[in-house]
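A short worksheet on the structure shown next.
Treat the numbers as computed from the prediction; the structure is a model and nothing was measured.
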Number of protein chains: 2
Amino acid sequence: MAGPTRWLTPEEQAAWRAYLGSTRLLVHALDRQLEADAGLSFTEYETLVRLSEAPGRRLRMRDLAGASAATRSGVTRTVTRLERAGLVRRVECEQDRRGMHAELTDAGAAALAAAAPGHVASVRAHLFDHLDPADVGRLRELFGRIRDGLDVTGEGAQAVPPAA
Amino acid sequence: MAGPTRWLTPEEQAAWRAYLGSTRLLVHALDRQLEADAGLSFTEYETLVRLSEAPGRRLRMRDLAGASAATRSGVTRTVTRLERAGLVRRVECEQDRRGMHAELTDAGAAALAAAAPGHVASVRAHLFDHLDPADVGRLRELFGRIRDGLDVTGEGAQAVPPAA
DNA sequence: CCCGGATGCTTGACCGAGCAACGATCGAAG
DNA sequence: CTTCGATCGTTGCTCGGTCAAGCATCCGGG
């Protein structure tokens, strides 16, 4: 530890709690909405989105994992679930025989198309309706920085620098 | 649905993804840090914090649930875990014989005191070091509004208002 | 060519959280 | 006082996720 703890100011604490609490409620609400409306979990929905944006509507498992901040095993199980539902198909990789592609099926694309409007409406209602354009830009820039500070230096040692 | 879907603008989409991704990474990092440093999950840590702030260092289960955006059953299990570790004690409620208090033990207070500096340092390193005071105020106000828009009107019907 | 370490995906064991259901208790209405 | 609906906390079930181990494959050094 570098020195005495610098506790959060009341303002920081309030911001931190509002951020945590609202995020938890928001994700939960989106999850429920998707599940009720389209029979998809938020994770599954996001997986479909990634695939739909990828060239050839397919992505290697590792890339899917990297893009989602999830572990490989989590991706495996999610894809298995989606495959069982017919929304995704596994395709072997020719260049690397270890590799696996997850490929969006037509049914998957249809499911995504059906689920998207409700999901977007929910995100708008709960999040963006409370933000003006300046907020959006600020949020983007701010959380972009936070993300970069996290996923590049993944290790916890960085959390409490030794001296400087 | 009120009308054609208003998709997210590229800016909104970027903000949304940065927000989601960084939050996921952040919470995960905090969880790992706490677990490694103090043997507590983030949920457990938060529970101890709430109790430490409550009068008499005790809170009813329902209030604990309400404060944490968690379900009653989740609180039951968390408290059971903490009780098994000796950090919390269950105390029956005199006014309401259905009720249960969770009360912080001295060992619990000590565990919290030991865990807090590292946790706060981690929150600073990953979050507040990227924010200036104006950002903090803005975040607080903004997420406060989002939270209020979510936990008061808990129902999903509000997500897509019929007309107005 | 062969071998050893690294990488990619999967699987098994475990854990934490939510939902639904349950028994116990409260409180208000008759 | 009795009764009926609502509330509190707990529990069974299931789901989704991580961790660690495993097998197959790749790739670079001898």
Side-chain angles (χ1 to χ4, degrees), chain A residues 20 23-36 39-48 58-85 88-103 154 156, chain B residues 23-25 27-36 39-47 58-85 88-103 154-156:
Chain A
L20 266 189
T23 301
R24 215 165 279 169
L25 289 170
L26 174 58
V27 169
H28 197 220
L30 294 176
D31 219 336
R32 306 259 295 169
Q33 185 270 331
L34 269 173
E35 194 71 55
L40 291 171
S41 73
F42 194 25
T43 302
E44 290 163 354
Y45 177 83
E46 282 190 302
T47 301
L48 295 184
R58 58 166 64 178
L59 234 42
R60 285 196 57 166
M61 306 294 278
R62 65 168 173 196
D63 300 325
L64 216 39
S68 312
T71 56
R72 295 216 192 311
S73 61
V75 170
T76 293
R77 296 183 202 281
T78 302
V79 168
T80 300
R81 237 177 297 139
L82 290 171
E83 191 175 30
R84 197 167 298 149
V88 152
R89 168 173 45 237
R90 273 186 167 88
V91 180
E92 292 189 4
C93 183
E94 290 112 21
Q95 298 87 6
D96 187 341
R97 289 172 56 193
R98 295 169 298 180
M100 249 349 195
H101 289 282
E103 182 179 301
Chain B
T23 301
R24 214 164 277 170
L25 287 170
V27 170
H28 197 222
L30 293 175
D31 219 336
R32 306 260 294 169
Q33 185 269 329
L34 269 173
E35 193 71 57
L40 292 171
S41 74
F42 194 25
T43 303
E44 290 163 353
Y45 177 83
E46 281 190 304
T47 302
R58 57 165 65 176
L59 234 41
R60 283 196 57 165
M61 305 294 277
R62 63 164 174 202
D63 300 324
L64 216 38
S68 313
T71 54
R72 295 210 188 320
S73 63
V75 171
T76 292
R77 297 180 205 282
T78 302
V79 168
T80 299
R81 236 176 298 138
L82 290 171
E83 191 176 30
R84 197 166 297 149
V88 151
R89 169 174 42 237
R90 272 187 168 88
V91 180
E92 292 189 3
C93 183
E94 289 113 23
Q95 297 86 6
D96 186 342
R97 288 173 55 193
R98 296 169 296 181
M100 259 330 203
H101 290 283
E103 182 180 299
E155 68 281 2

Separation of atom [atom1] in [X] from atom [atom2] in [N], rounded to whole Å:
X: Arg62(B); N: dT10(D); atom1: CZ; atom2: P; value: 13 Å
X: Glu35(B); N: dC19(D); atom1: CD; atom2: P; value: 10 Å
X: Arg84(A); N: dG16(D); atom1: CZ; atom2: P; value: 10 Å
X: His101(A); N: dG8(C); atom1: NE2; atom2: P; value: 13 Å
X: Asp63(A); N: dT7(C); atom1: CG; atom2: C1'; value: 13 Å
X: Arg24(B); N: dG16(D); atom1: CZ; atom2: C1'; value: 13 Å
X: Leu34(A); N: dG16(D); atom1: CG; atom2: P; value: 13 Å
X: Met100(B); N: dT25(C); atom1: CE; atom2: P; value: 12 Å

Taking only side-chain N and O atoms of [X], does any of them lie within less than 4.0 angstrom of OP1 or OP2 on [N]?
X: Thr71(B); N: dA17(C); value: no
X: Arg98(B); N: dA6(D); value: no
X: Arg32(B); N: dC19(D); value: yes

Salt bridge (Lys or Arg N to Asp or Glu O under 4.0 Å) against Asp96(A), all qualifying residues, sequence neighbours excluded: Arg60(A), Arg98(A)
Partner residues of Glu103(B) under the salt bridge (Lys or Arg N to Asp or Glu O under 4.0 Å) criterion, sequence neighbours left out: Arg58(B), Arg89(B)
Contacting residues from residues 88-97 of chain B, given that a heavy atom lies under 4.0 angstrom of DNA chain C: Asp96(B), Arg97(B)
Residues which pass side-chain contact (heavy atoms from CB on, under 4.5 Å) with Arg72(B), listed by chain and number, not counting sequence neighbours: Arg62(B), Ala65(B)
Any residue meeting side-chain contact (heavy atoms from CB on, under 4.5 Å) with Ser68(A), in chain and number order, not counting sequence neighbours: Arg50(A), Ala70(A)
Under 4.0 Å protein heavy-atom contact, by nucleotide of nucleotides 11-16 of chain C - B base, S sugar-phosphate only: BBB--S
Sugar-phosphate only, base, or nothing, as touched by Arg72(B) at under 4.0 Å among non-hydrogen atoms: base
Minimum side-chain heavy-atom gap Arg24(B)-His28(B) below 4.5 Å: no
His101(A) versus Glu92(A), closest heavy-atom pair with distance: CD2-O, 4.1 Å
Under-4.0 Å salt bridge between Arg81(B) and Glu44(B): yes
Side chain Asp31(B), main chain Phe42(B), donor-acceptor under 3.5 Å: yes
Evaluation steps, side-chain contact (heavy atoms from CB on, under 4.5 Å), between Arg90(B) and Met61(B): CA-CA 10 Å; Arg90(B) 272 187 168 88; Met61(B) 305 294 277; 3.9 Å; yes
